[in-house]
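First comes the structure, then the notes that go with it.
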Amino acid sequence: MSNFSGKKRVLTGITTSGTPHLGNYVGAIRPAILASKSDSYHAYFFLADYHALIKTQSPRLVHQSTLEVAAAWLALGLDTEKVTFYRQSDIPEIQELTWFLSCVTAKGLMNRAHAYKNAVQGNIDIGEDEDFAINMGLFGYPILMAADILMFNAHEVPVGQDQLQHVEMARDIAQRFNYIFGTHFVLPKAQVDKDLSLLRGLDGRKMSKSYNNTIPLFLPEKQLKKSINKIKTNLLEPGEGKDPDSSAVFQIWKAFANGQQTEEMREKFEQGIGWGEAKKQLFHLINTQLKSPRERYYELLENPEKVECILNQGAERARAESRKMIEGLRDAVGIRPLS
Ligand code: TRP
């Protein structure tokens, strides 16, 4: 199993079960695109559509979200010459690796996965059977994710805090596989950026689709303005000093502003800027940054064949590696020609 190239490899996946929002942008897309410009890494970014099937059984949603997420990354300037950008389901070797890994993964390890445990606890809380509405996809989710990571021997995996345990499990599984079969999977490390991964949403809690408090990334201008106006504030009037650090308006400002703009806004808060005015300025700040990518985004949504073509090229590159990898692994586990 070769290491493809001398560069360190960074890999992350985006589950295609929703519309990209400002939190995804600030927490994942923007830093990933920035990091991918560095020459010291080779980046792999992919659309985790197999993972989407664990979360939703709406074919329309999975399909539309795949287009939206891909279009968003492309519109925001992802350089697909440099980065290997692909759709998980275009790499059938990932399924085969999932099986190989499943056969060395202790069921007990999966019992300890937070996502699964939360689902079980939720059932207990409502007096249901423990297994109610839990599918095997959810149970085996960390193994599929390990296959994503190990397939490309990723060194670093940028993820949100909630995914940290999954990357650690990928590491455990890799270690076990290496031990049993003498393979050389790289042991991946998670990269968690605690500051950025927590953009706050309309209600002040973490911006997340599951809280229904998101601001979609590419809302048309008017709707963006409306949505920003819905960010929850307190009842302080214009002229009354406001605490920037407890305000979602300020926190979102900070995520888009440079250092100087942030300091200026901090002062305005202390001097009592009205909520309406602060939101107006926030809208302008965000809108200026998103205006041209937004145009490219809608252009791509109208021309899905362009997106499809880019993904196919990415898949070809990724498969050149995954085919080689799976060939070595088949051999390692004893699945090979008889003569
Ligand atoms: N499970 C991740 C999430 O929901 C997405 C994902 C799938 C992923 N495969 C991955 C992230 C591999 C990093 C590496 O956010």
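Computed from a predicted structure; not experimentally measured.
- Between the side chains of Arg200 and Asn213, not a single donor N or O lies within less than 3.5 Å of an accepting N or O.
- Across Leu67 and Val307, no two heavy atoms sit closer than the pair CD1-CG2, 4.0 Å.
- Using a 3.5 Å distance cut-off with no hydrogens or angles, the side chains of Ser17 and Thr15 do not pair a donor with an acceptor.
- Counting all heavy atoms, side chain and backbone alike, Ala52 lies closest to Thr16 at CB-O, 3.4 Å.
- Proximity of the aromatic rings of Phe185 and Phe152 is defined here by a centroid distance below 6.0 angstrom, and this criterion is not met.
- No donor-acceptor contact under 3.5 angstrom links the side chains of Thr56 and Ser58, judged on distance only.
- In this structure, His114 has its ring center no closer than 6.0 Å to that of Tyr116.
- There is a side-chain donor-acceptor pair under 3.5 Å between Gln281 and Lys268.
- By the criterion of side-chain heavy atoms lying less than 4.5 angstrom apart, applied directly or through intervening Ile, Leu, Val, Met, Phe, Trp or Tyr residues, Leu22 is grouped together with Leu219 in one hydrophobic cluster.
- Aromatic rings of Phe269 and Trp275 (six-membered ring for Trp) have centroids within the 6.0 Å cut-off, being under it.
- Between the side chains of Gln121 and Asp125, at least one donor-acceptor pair of N or O atoms lies under 3.5 Å.
- Inspection of the His166 and Gln163 side chains reveals an N or O donor paired with an N or O acceptor under 3.5 Å.
- Side-chain contact annotation: Asp49 with Ser89, donor-acceptor N/O pair under 3.5 Å present.
- Between Ser210 and Ser208, the closest heavy-atom pair is OG-OG, 2.8 Å.
- Judged by distance alone, the side chains of Asn178 and Thr183 do bring a donor and an acceptor atom under 3.5 Å apart.
- Ring centroid separation for the pair Phe46 and Tyr86 comes in under the 6.0 Å cut-off.
- A chain of hydrophobic side-chain contacts below 4.5 Å, direct or via other Ile, Leu, Val, Met, Phe, Trp or Tyr residues, connects Tyr50 to Met136.
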